[in-house]
Structure formats: C-alpha cells, structure tokens
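A quick write-up on the structure given underneath.
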Amino acid sequence: NIWPDITTQKRSLCDMAHLLLDHIDIVATMDDAAPNAAPNSGSCGREIADAAILIKDGVIIAVDTHQAMHAMLDTATPAITDLNVMDMRGHIIIPGMVNTHHHLFQNLTRVVPDAQNKSLFGWLQTLYPIWQHLLPEDIYISAAAGLAELALSGCTTSSDHQYLFPNGSRLDNAIEAAGDIGMRFTATRGSMSIGESKGGLPPDILTEPEHSILADCLRVVDEFHDASRHAMTRVALAPCSPFSVSRELMRDTAIMAADKSVGLHTHLAENVEDIEYSLEHFNMRPGDYAEDLGWTGSHVWHAHCVQLNPDEINLFARTGTGVAHCPCSNMRLASGIAPVRQMLDAGVHVGLGVDGSSSSDSGHMLNEARQTMLLQRVIHGADNMTAREALRVATRGGAEVLNRDDIGQIAAGFSADMAIFDRNVIDFSGTQTDPLAALIFCGPVKPRHVMINGQFVVSDFHLASMDMGSLLERHDAAARQLLIRSGY
Ligand code: ZN
C-alpha cells in the first residue's frame, strides 16, 4: 500500500455463513422473470414487494417475497442454523450500478479553470501538460477517491480507462486502490502512441512506443486478469482513441485481446471533430474503422458513440458491441446527444459511464441515469424513455456492456452487489405512488448501504472500507502538488 497510514477499517460486517435481508419494501431484480410485462414497465424485471434476499459467501442464494423465503427456510434441509437477519423495512434495493467508463486519474484535475469551457480537443490539450506530471501515488490516490465517490453513489462495479503512464505510473496503482476500496473493477490498459509530432493530439512525452505498450498489456493481463465468475478484478485493453494511436496498434491490440480472451475498449465517435479526424486520416467513418480492425464483438465496448449513424448502430447491434453512454460528459463538452433510443431499439448493449472526473465532473451513477432519461426526452418526447429503462441501463445494461453474466441482477447465482436506499429521507418524501421511479425522477439520491461481493463497502451513508478524512487529505494534497509541479 502506497499510503499505509490510511486506516483500512474492517469492512466485513457480514462475514458470516448466511445473511438474510428481510422485509425489503421493494426489490427491483432486473431479471428475466417478468416476460409479459408491458413495454416500458417491465424494464426492471420482477419488482418484489416485502421481499427477502438470502446471501452466502458473496453470492445471492435466493430472492423472493418474505413469505415465500421463510417457507423455503422453514423446510430447508439441512436446516440453516447460522442465519443473520437484517430488517430492511423502509428500503428499496436495486442491483449495484455498473460504471463502464471512467478516467480515475482525472479526479485530481476537476474544474481546472482553463478547461472548464472547452470542447473535447481543446479541453484535452489544456489538461495534457498537467497530466504529464502524474506520479504513481497520484494514480493510486485519485483512483481511491474516484472509486469511493462511485461506491457512495451506489456503484458496485467500475471500469477505469488509464491511458497515460508518466513517471513510472502503472495500471497496478489503480488496481491496488480498487482492492483497498473493495470495488469490483475492470482496469483497462490504455495507450497513446501518436503524439503531436506525428499529427496526433497528445504531446509526444505522454506517448509510449507501441512495442512497450503491447508488452505491458501482456504483463497486466497475465498478472491481474481473473476470468472466473464473481471475479473482483478483470483487465481489458484500451488504446485511448483512434486519434492517439496508430491503425497497427488498434489491430494488434484487438488480436491480443482475442488471444487472451479479454475485453477491448476505446473512445469512438465522440463528437464531430472525431468524425472529421476519422474521415481525413482513415478515409472512413469510425464504425467502418472499428469493424476493419477487429473492434466489434461482445467483448468490445466503445465510449460515447454520440455520432454513430444508423448503419453503425446496426453494426453494433449485429455484433453485440457495447456502448458506454456518458450523458453529463457529452453535455459538458457539448459533444451532442447520443442516439441511445435508437441503440436500445436496435438491441445494442448500452451501459452508463460517468466518464473522467475532469469532464463530468461528478461520479454519481444515478445522476447519469437521470440525465440519460432527460436527455433522450429532449429529442424524442416525454414518453420515450422511462425511469425504469434508465435504471436498467445503469445496472444490467452495464453488466452486458462489460460482457458479464454474474452482476447486474438480483437473482440466484449472481454476485451479492446491491445498492440499498432508505426511503425515509427528504428525496423520497411524497413518492409513495412509485418509489422505484423516484430513484430517477427525484434523484440523484444516495444509497444508505452498498454491498459489493457480500461486503458492506458503504454503511449508513459512510465509506466503510477506508477512512474518509485521510483519503480526502491525501487526495487534496496530491491535487495541489500536481498543479504546482506542472506550473499551473
Ligand atoms: Zn473518456
């Protein structure tokens, strides 16, 4: 641990054989058990009132009504003799939300004045000269802060797209932070190889030789990737964007990902400048470029995709290629409104991303879900995206994008990852008619408890896995020092 003086509190509130969450007001399962539900009402799967969830060893054993659960428990053979029960009256439980796109290191450069009012390329060119001074301990502490913020918003799985490695920084630093926070994590090994001198966007000093990039990709996959069910750490490969790496690196990375059976991730079709770059440099649109280089398939997900056209949407649907939708970032950088309605209708897997903290600048999953619903309504009308559909995109949608069938639902055999909301807060007052929809309409609210892999990482609105005071102190100091080092 780079910061050994951060007190890691014992987070095993439920290190016990069986835990029963009982008398839950509503559980939105996101499962497939409500096939006949009307369109736009069954998006959350079964919605069980007075529900109970049985958990053992980080996995959901059963979910049902209180009555059916107790009937099952009463007749279980052998009898369950070590049952611990938590009364969840007054609470709503949804699967933990899945963040499919982030740049955690950007937590250190939020609201930098010169970057506040720029669109993508100008925003990047303002921040690159600061980011080139990042140190390994900065990567660790910004990841810890960003993941803590996400956990406190009800996120239980996050990906991170780390695409610059100055001064000895490594993917390892963020992976270590995720372990310390207790977040289920997909670390993506990003890269940039085409600097300014070769017509790319980043300064040359932030680029790496392509052979070194591929060697380190191989190292981190071999060292950290866990393909098993309920894995806490996975690795994916993620050249930063078509405008910062070569065609060869895109292709070779795709070949390595297929060879190693890991995911592939990048930024694609983020705004009109991005499309212009693609047409000018590759003589093709981003979708064709992706298809040409092996960047489609169920193991691939692209961030943003604001400017996808109908042919590209069909390509993604046909190939199972996923999209990380980042509405706040898209609005903040004026990139446009992603065609999420068309993607969902075509059958594209869509999940949410908070995007990096320098372009969002908030890591709040329910806020992104709310903005997703509102932004689609701006173009398509008030009846074109429901709160439940937004909740589904935030949970099961993200799981599908990360190509995981063990998270995103509250169902037997799934990981015990969930966000537990206390209805007895001001945000929920007056929402008796539809408290589940209130999570989106009246949000963003924060969960009271968050369970990841059967552990309470957030308990009573507080981070249980790390001392928040020390974390904030370290993070603020790191942010201050970074700006001083970069002469900002
Ligand atoms: Zn991004």
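Order of appearance sets the numbers: ligands from 1, and atoms from 1 within every ligand. Position 1 is the first residue of the sequence; numbering continues from there. Worth saying up front: this structure is predicted, and the values here are computed from it rather than measured. Side-chain atoms are counted along with the backbone in the values below, which use heavy atoms only and exclude waters and symmetry mates.
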### Short N/O/S contact of H304 with the Zn ion (ligand 1) (below 2.8 Å)
no

## Note on the structure
Test salt bridge (Lys or Arg N to Asp or Glu O under 4.0 Å), reference R396, set D31, D405, D32, output is D32

### Message
Quick check: of its N, O or S atoms, which one does H101 have closest to the Zn ion (ligand 1)?
### Response
NE2

#### Entry: Candidate pair H475 and S142, rule side-chain contact (heavy atoms from CB on, under 4.5 Å), full reasoning
CA-CA 6 Å; H475 190 246; S142 56; 4.0 Å; yes

### Message
Within 2.8 Å of the Zn ion (ligand 1), is there any N, O or S atom belonging to H161?
### Response
no

### Task
Indicate if the distance from the Zn ion (ligand 1) to the nearest N, O or S atom of C326 falls below 2.8 Å.
no

### Query
Between H265 and H267, is any side-chain donor less than 3.5 angstrom from a side-chain acceptor?
no

### Task
Of all N, O or S atoms in D355, identify the one at the shortest distance from the Zn ion (ligand 1).
OD1

N/O donor-acceptor pairs under 3.5 Å from side chains in residues 323-330, not counting sequence neighbours:
residue : atom : partner : partner atom : Å
S329    : OG   : D355    : OD2          : 2.7
S329    : OG   : S359    : OG           : 3.2
N330    : ND2  : H304    : ND1          : 3.1
N330    : ND2  : C326    : O            : 3.4

### Query
Mind checking whether H103 and F105 have parallel, tilted or perpendicular rings, split at 30° and 60°?
tilted

